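Here the structure comes first, spelled out in structure tokens, and everything after it is commentary.
Given the structure is predicted, the values throughout are model-derived calculations rather than measurements.
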Amino acid sequence: MSKRLLSLLAVLILLLGAAPAGGEIVTPAELNGQEIGVQTGTTFDKMVEQMLPDSVVQYFNGKADLVAALTSHKVAAFVTDEPVAEILARENSQITWLPDYLDRYDFAFVFPKNEAGKALRNEFNAFLAQLPEGTLKALEAKWFGDDEDAKTMPDLSGLTGEKGTLRVATEADYMPFEYVRDGAVVGFDMEIAALFCAYAGYGLEIVNMSFDGILPSVQTGKCDFAASGISVTPERAESILFSDPYFSGGTVLVVLKAAGAIPEFTDFAQLKGKRVSMIIGAPFEELVKTKAPDVGSFSYFNTVPDLIMALKSDKTDAFLCNNAVSQLAVSRDPELAIFPGSLQSSHFGFAFQKGDPRVSAWQAARDSIPDADIQAAWNKWTGADEAAKVLPAQDWPGTNGTITVAACDTLEPMSYSGPGGQLVGFDIEVLMMIARELDVHIRFVGMDFSAVLTCVQSGKADIGTGSIIITDERAESVDFVSYYPAAFTLVVRSTRQEDESFWAGIADSFNKTFVREHRWQLFVQGILTTLLITALTILFGTLLGFGVFMLCRNGNPAANLVTRFSIWLVQGMPMVVLLMVLYYIIFGSVAISGILVAVIGFTLTFGAAVYGLLKLGVGAVDRGQYEAACALGYSDRRTFFRIILPQALPHVLPSYRGEIVSLIKATAIVGYIAVQDLTKMGDIVRSRTYEAFFPLIAITIIYFALEALFGFLISRIGVRFDPRRRKPADILKGVKTDD
């Protein structure tokens with residue numbers, strides 16, 4: 001194999017996201033002094049400057065670019081919100097995130113800072129206030145979970161629109177808050193926007209644009225409001241209005257995992273005939289069979305360590321547990337990996353005896369605890385810092401008595417025996433938070449998992465805990481207080497990344513880019529938009545340039561002065577700035593399509609180029625041609641169209657073709673004004689796959705094809721004006737040759 005081919009293969013592997021070798025970063029302090037990526041338009045750069053003062057900030061346009069930069073070693077880490085980091089890690093096995101928050105934030109919807117915006121903001125706040133308790137939590141579980149079938153949007157066509165249609169600005173590459181699936185913008189934020197419009201009697205139009213264009217679109221009135229995971233900051237509040245917060249969370253650093261391990265099995269079909277294990281008392285055989293109906297057999301063990309030993313000694317091929325246990329097990333043992341297929345999403349719950357009247361009070365107390373505090377506890381108990389895993393003291397009065405909690409003592413990190421035999425873990429700390437709210441004390445009793453629910457049902461304990469995931473079957477025998485999102489996962493043995501077939505990676509990348517969710521249709525839509533903008537620009541730009549040239553051809557002083565100034569202004573301004581000036585300022589108060597604004601902007605620049613080409617082409621024709629025509633009695637206009645222009649066009653057409661090629665490439669920036677052209681569609685696909693190879697290669701090939709198409713058409717037109725390639729009969733048409 002040649003060195004050139006080997007080099008090409010190496011580049012392909014890099015583009016496909018091959019994980020680099022190296023140790024895994026575990027604390028933010030290890031990143032101080034290195035290059036950190038942030039998305040343009042966010043406030044993450046300020047966080048990096050405060051937390052990592054010696055680091056260098058690098059700016060990128062979207063999540064796909066950030067992931068590509070991380071996996072190709074252009075940055076050591078990048079900053080994003082934890083729900084987004086969780087989705088990214090689920091989609092890309094090479095990356096993970098550090099549990100320590102850089103900062104905590106509130107997300108809010110954004111409205112213009114005027115009377116209309118204030119009225120709409122107040123209407124939105126009233127909508128949030130009237131939502132039934134637990135609605136937002138249910139939406140979080142739906143969109144942040146891994147059950148893709150559950151992630152459905154309300155039918156926007158069913159909105160009444162009695163009070164008109166609202167335009168919401170967003171950047172649809174911020175999964176799970178907003179992203180494109182099956183050609184439509186969906187996500188947590190978008191469903192809230194749809195529910196608001198249904199509540200208030202509005203229609204809804206979703207406008208997808210670059211993040212740094214969202215706030216200007218609201219400020220200038222192009223959109224009525226915006227939602228794109230926008231955090232509340234005092235600086236932003238100076239120019240826009242924020243709604244009441246609808247989500248609170250933390251900002252984290254996304255880093256590369258240590259190189260090497262991938263799951264031994266990556267598809268449910270591979271579990272055919274295999275043995276799956278679970279803890280005694282966890283009856284989830286049917287759940288596994290819904291995804292892997294041909295699984296061989298099931299086996300049962302008392303503790304998670306027993307499950308791990310059975311897996312590593314080949315006594316079983318996979319074991320079922322929840323997301324907390326699996327994350328902790330995999331982080332500690334490189335021989336283990338999490339099976340990528342989703343089984344089911346649910347919630348962790350504390351079990352009460354059926355009909356216990358205390359359930360509603362405990363649920364209300366749990367819901368009153370800030371999500372940030374719960375998340376901080378989760379990060380602590382699932383993190384690597386063992387020294388931080390300390391329970392708070394029960395230092396409140398406990399005037400409402402003491403309750404008994406039956407807790408599994410072997411399910412780290414949820415509930416397990418810590419130093420001195422004390423029960424510790426995430427479950428234990430959350431129970432203590434709730435107990436503080438209710439002013440009760442807790443007495444914890446450790447036992448096997450299989451005995452916890454029995455103990456509650458018999459009344460020997462008031463509450464049962466131990467990483468219990470709420471299921472319909474369990475809810476038939478006990479009542480639950482929901483306290484944290486959960487998922488059923490499978491842990492399998494790991495293999496090495498270099499064992500993965502190169503061509504298998506190519507095929508998987510192709511499938512994700514074009515086949516899955518019919519994403520090829522996005523490329524088709526992008527091509528049609530790019531063709532529309534290009535064709536209309538060529539038509540109107542040519543007419544504009546020709547018309548201006550005709551006005552200025554005979555030296556009209558006023559026309560020449562205006563033309564020179566306009567060309568100087570248009571050609572001296574970067575194209576993206578010109579488009580944004582047109583969209584947000586010139587047409588800021590006009591409901592005008594981004595495509596039309598793009599056509600107007602490119603028509604101005606293309607018309608200026610056509611004017612310059614005509615001036616050069618006509619100038620290349622000898623002045624004697626004018627004199628000869630005048631001597632023959634030709635009028636000025638007839639001289640120009642019959643004698644001068646046909647001779648000038650062959651000089652112009654090659655450069656004209658080059659201007660068209662430049663125009664096609666220049667249209668790649670129209671995403672800044674909410675136009676979903678070919679390049680923007682590629683960005684949308686990359687925001688879902690987090691792979692650069694096929695989307696970028698496909699876009700490149702398509703642009704080459706479009707350039708070739710327009711070049712061919714122009715070359716065919718050029719034949720009609722090139723005397724060397726025209727037939728004598730065509731050249732002499734209308735000329736008397738027999739005088």
Rounded to the nearest 0.5 Å, how far does [atom2] of [Y] lie from [atom1] of [X]?
X: Glu178; Y: Ile206; atom1: CD; atom2: CD1; answer: 9.5 Å
X: Thr667; Y: Leu678; atom1: OG1; atom2: CG; answer: 8.0 Å
X: Arg657; Y: Ser662; atom1: CZ; atom2: OG; answer: 12.0 Å
X: Phe549; Y: Leu613; atom1: CZ; atom2: CG; answer: 11.0 Å
X: Thr537; Y: Glu659; atom1: OG1; atom2: CD; answer: 12.5 Å
X: Met175; Y: Glu86; atom1: CE; atom2: CD; answer: 11.0 Å

Any [X] side-chain heavy atom under 4.5 Å of [Y] side chain:
X: Val548; Y: Ile567; result: no
X: Gln58; Y: Lys74; result: no
X: Leu256; Y: Thr71; result: yes
X: Phe602; Y: Leu536; result: no
X: Thr165; Y: Tyr202; result: no
X: Val610; Y: Leu544; result: no
X: Leu31; Y: Val255; result: yes
X: Val168; Y: Asp189; result: no

Nearest heavy-atom pair of [X] and [Y]: which atoms, and what distance?
X: Ala108; Y: Ser243; value: CB-O, 3.5 Å
X: Ala85; Y: Val252; value: CB-CG2, 3.7 Å
X: Asn208; Y: Ala172; value: OD1-N, 3.0 Å
X: Gly229; Y: Tyr246; value: N-OH, 4.2 Å
X: Leu159; Y: Cys197; value: CD1-CB, 3.9 Å
X: Pro176; Y: Ile87; value: CD-CG1, 3.6 Å

**Item:** Over 12 non-hydrogen atoms of neighbours within 6.0 angstrom of CD in Glu235
**Value:**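 Open: at most 12 neighbouring heavy atoms sit under 6.0 Å from CD of Glu235.
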**Request:** Can you label the angle between the Phe247 ring and the Phe107 ring as parallel, tilted or perpendicular, going by 30° and 60°?
**Result:**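 Answer is tilted, since the angle falls between 30° and 60°.
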**Asked** If we ignore angles and hydrogens, is there a donor and acceptor under 3.5 Å between the side chains of Gln219 and Ser239?
**Response**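 Ser239 and Gln219 do have a side-chain donor-acceptor pair below 3.5 Å.
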**Asked** Less than 6.0 Å separating the ring centroids of Phe177 and Phe144?
**Response**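 Yes, close enough.
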**Prompt:** What about Trp520 and Phe523, are their ring centers closer than 6.0 Å?
**Reply:**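 Ring-ring flag for Trp520/Phe523: false, centres at least 6.0 Å apart.
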**Residues that Thr220 engages under side-chain contact (heavy atoms from CB on, under 4.5 Å), provided they are two or more places apart** =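 Thr220 satisfies side-chain contact (heavy atoms from CB on, under 4.5 Å) with Lys222, Tyr584 only.
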**Item:** Audit row: Phe710, Leu663, side chain to side chain contact (heavy atoms under 4.5 Å, CB included) steps and yes/no
**Value:** CA-CA 11 Å; Phe710 280 98; Leu663 169 66; over 6 Å; no
**Message:** side chain to side chain donor-acceptor pair (under 3.5 Å), that's the test. Do Thr679 and Tyr703 meet it? Break it down for me.
**Reply:** CA-CA 9 Å; Thr679 302; Tyr703 272 119; 2.8 Å; yes
**Message:** I'd like to know whether Leu88 forms a side chain to side chain contact (heavy atoms under 4.5 Å, CB included) with Leu66, so could you lay out the CA-CA distance, the side-chain angles of the two residues, the decisive distance to 0.1 Å, and finally the verdict.
**Reply:** CA-CA 11 Å; Leu88 294 179; Leu66 287 167; over 6 Å; no
**Prompt:** Is there any salt bridge (Lys or Arg N to Asp or Glu O under 4.0 Å) pair reaching into residues 109-128, and which pairs are they, with sequence neighbours excluded?
**Reply:**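 For residues 109-128: Glu123-Lys163.
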Look only at the side chain of [X] and the backbone of [Y], and say whether a donor-acceptor pair between them is shorter than 3.5 Å.
X: Ser248; Y: Asp106; result: no
X: Thr534; Y: Ile664; result: no
X: Ser210; Y: Asp212; result: no
X: Thr251; Y: Thr80; result: no

**Item:** ring-ring contact (aromatic ring centres under 6.0 Å, His included) partners for Phe124, two or more places apart
**Value:**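 By the ring-ring contact (aromatic ring centres under 6.0 Å, His included) rule, Phe124 matches Phe109, Phe111, Phe127, Phe196.
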**Request:** Take Val38 and Phe60 through the test side chain to side chain contact (heavy atoms under 4.5 Å, CB included) and record every step on the way to the result.
**Result:** CA-CA 6 Å; Val38 301; Phe60 297 88; over 6 Å; no
**Message:** For Ser217 and Arg167: C-alpha separation, side-chain torsions, deciding distance, then whether side chain to side chain contact (heavy atoms under 4.5 Å, CB included) applies.
**Reply:** CA-CA 10 Å; Ser217 73; Arg167 289 165 56 88; over 6 Å; no
**Item:** Passing option when Phe606 is tested against Phe540, Phe546, Tyr656 for ring-ring contact (aromatic ring centres under 6.0 Å, His included)
**Value:**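 Option passing the ring-ring contact (aromatic ring centres under 6.0 Å, His included) with Phe606: Tyr656.
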